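My questions all concern the structure below.
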Amino acid sequence: MSQVTTLMTTDIDSLFLNDVIAGLSQQQKNLPCKYFYDDNGAALFEQITELDEYYVTRTELSILTKHSQAIAKLLPDNLSIIEPGCGSGKKIAYLLAHLVNVKSFVPFEISNEMLNYSLAHLSPLFPELAISPLLGDFTHSQMVKQLSRETQLDSQTNLVYFPGSTIGNFSPLKAIEIMKNFHRLCGINGYVLIGIDLLKDRQVLLNAYDDKQGVTAAFNKNLLQRINAELNADFDLSQFHHQSLFNEKLSRIEMHLISNCEQTVTVNGESFSFSQGESIHTENSHKYALQAFTQLSAQAELRLEQTWQDEQGYFALCLLRP
Ligand code: AVJ
């Protein structure tokens with residue numbers, strides 16, 4: 001079994017507590033969406049990807065099925081592939097199936113559970129492949145800098161693979177910072193392949209984040225459950241409900257948890273009061289026009305070389321290069 005390298009500057013539990021306290025102390029209460037993915041949250045997200053309303057995963061996989069061979073043809077031999085936030089590691093398999101002589105695959109994940117899952121999934125499929133798993137948070141620029149120094153990844157040619165429209169979770173400014181880090185990681189002759197969710201009919205977007213079965217609502221509320229379990233908190237889950245909305249001005253879906261009543265919640269000894277109808281903002285999912293994404297990439301000094309889309313124009317895979 002491959003050796004997992006851990007890129008953790010501080011204890012992950014105290015980071016979680018600090019982030020939760022800081023988020024709930026804001027005027028507009030918020031919680032970082034990266035904490036959705038504990039074991040239960042990761043399982044709920046897998047369920048979301050199979051919902052009729054959630055076109056995102058299905059559409060991206062159809063693009064990968066159709067175009068992986070063409071994408072692979074554009075990439076050189078002896079490539080190292082880094083996948084930040086690889087999750088279950090299923091999406092890289094499409095590309096790996098068409099690439100020869102891959103030097104190494106580096107799954108980079110904040111969840112140990114998901115990292116192990118991706119290893120267990122990929123090792124038997126690609127027994128020859130050198131897999132070097134990394135446990136860490138790719139949103140921390142310091143960690144990414146440490147990574148490129150220690151592994152000397154920046155002196156070779158790499159592909160940074162970032163599917164799933166994970167980039168949509170970040171504000172444009174943070175997205176630029178992350179793409180700058182990808183620029184550094186891929187090396188001067190490298191490649192960055194990013195999946196983005198495109199702007200589309202509002203109702204299609206809203207349905208994707210508020211499904212009939214309530215899986216997305218459960219996914220959203222699981223964050224409170226996790227905070228209760230891990231941070232000694234007492235959120236009453238029956239007193240919050242899920243809400244999603246489309247913010248036209250900022251071109252993003254927002255998910256919120258709305259307090260059903262006036263109430264006080266305690267987290268690790270600190271009290272937070274909620275008025276009736278007050279929200280905790282839990283996630284943004286930015287939807288891009290290709291033009292806007294091209295401009296964003298340019299600010300990270302990456303230029304768009306090629307894109308692949310589905311027939312409905314719901315989703316795009318974008319190949320970027322320094
Ligand atoms: C994993 C970030 C792509 O924004 O669509 C799904 C997460 N949130 N349903 C997204 C999510 C609610 C998802 N990403």
Side-chain angles (χ1 to χ4, degrees), residues 30-38 40-64 83-92 107-111 113-114 117-118 137-139 161-172 174-175 178-179 193-226 240-247 250-258 279-288 293 310 314-318:
N30 63 79
L31 292 167
C33 64
K34 66 184 172 195
Y35 295 116
F36 278 142
Y37 304 91
D38 66 348
N40 202 21
L44 284 165
F45 179 67
E46 286 301 314
Q47 277 187 49
I48 288 176
T49 65
E50 280 155 25
L51 293 168
D52 282 345
E53 293 99 329
Y54 195 73
Y55 60 85
V56 181
T57 311
R58 187 180 344 114
T59 307
E60 187 179 39
L61 292 182
S62 78
I63 300 170
L64 281 169
E83 186 177 354
C86 62
S88 62
K90 282 184 186 142
K91 283 178 191 157
I92 193 60
F108 186 2
E109 247 295 321
I110 192 171
S111 152
E113 193 72 23
M114 290 309 272
Y117 184 93
S118 72
D137 182 348
F138 71 83
T139 69
Y161 185 56
F162 200 53
S165 102
T166 311
I167 195 73
N169 280 159
F170 305 98
S171 69
K174 183 71 184 177
I178 286 174
M179 286 199 279
L193 187 60
I194 300 190
I196 56 163
D197 196 19
L198 299 170
L199 266 174
K200 60 184 64 64
D201 180 80
R202 300 302 178 262
Q203 201 55 50
V204 173
L205 286 174
L206 286 169
N207 292 346
Y209 294 84
D210 197 4
D211 62 280
K212 282 210 191 81
Q213 287 177 60
V215 183
T216 307
F219 174 71
N220 199 6
K221 284 173 85 170
N222 176 62
L223 186 50
L224 301 183
Q225 177 66 54
R226 178 180 185 186
F240 285 88
H241 70 269
H242 167 74
Q243 186 189 59
S244 68
L245 56 91
F246 188 72
N247 183 328
L250 299 175
S251 191
R252 68 191 193 194
I253 286 280
E254 296 180 7
M255 294 210 311
H256 295 260
L257 288 162
I258 310 291
S279 90
I280 311 174
H281 186 179
T282 52
E283 186 178 50
N284 292 317
S285 194
H286 290 81
K287 308 300 167 189
Y288 286 105
F293 187 71
D310 57 298
Y314 274 11
F315 197 95
L317 272 181
C318 302

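Because the structure is a prediction, the values reported are computed rather than measured. Computed from heavy atoms alone, side chains included, the values below leave out hydrogens, waters and symmetry copies. Indexing begins at 1, ligand by ligand and atom by atom, following the structure's order.
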Interatomic spacing from CG in Asp197 to CG in Leu205 - rounded to 0.5 Å: 6.5 Å

- prompt: When the ring planes of Phe219 and Phe36 are compared, do they come out parallel, tilted or perpendicular, using 30° and 60° as the limits?
  reply: tilted

query: Where the side chain of Lys287 meets the backbone of Arg252, is there a donor-acceptor pair that is under 3.5 Å apart?
result: no

- request: Would you please name every residue forming a salt bridge (charged side-chain N to carboxylate O under 4.0 Å, His left out) with Glu53, sequence neighbours left out?
  value: none

message: Taking non-hydrogen atoms within less than 4.0 Å of ligand 1, which protein residues qualify?
response: Tyr37, Phe45, Ile48, Tyr54, Gly164, Ser165, Asn169, Tyr209, Phe219, Met255, Glu283, Ser285

- prompt: Hey, does Ile167 have a side-chain heavy atom less than 4.5 Å from the side chain of Met179?
  reply: yes

query: Is the ring centre of Phe162 less than 6.0 Å from the ring centre of Phe138?
result: yes

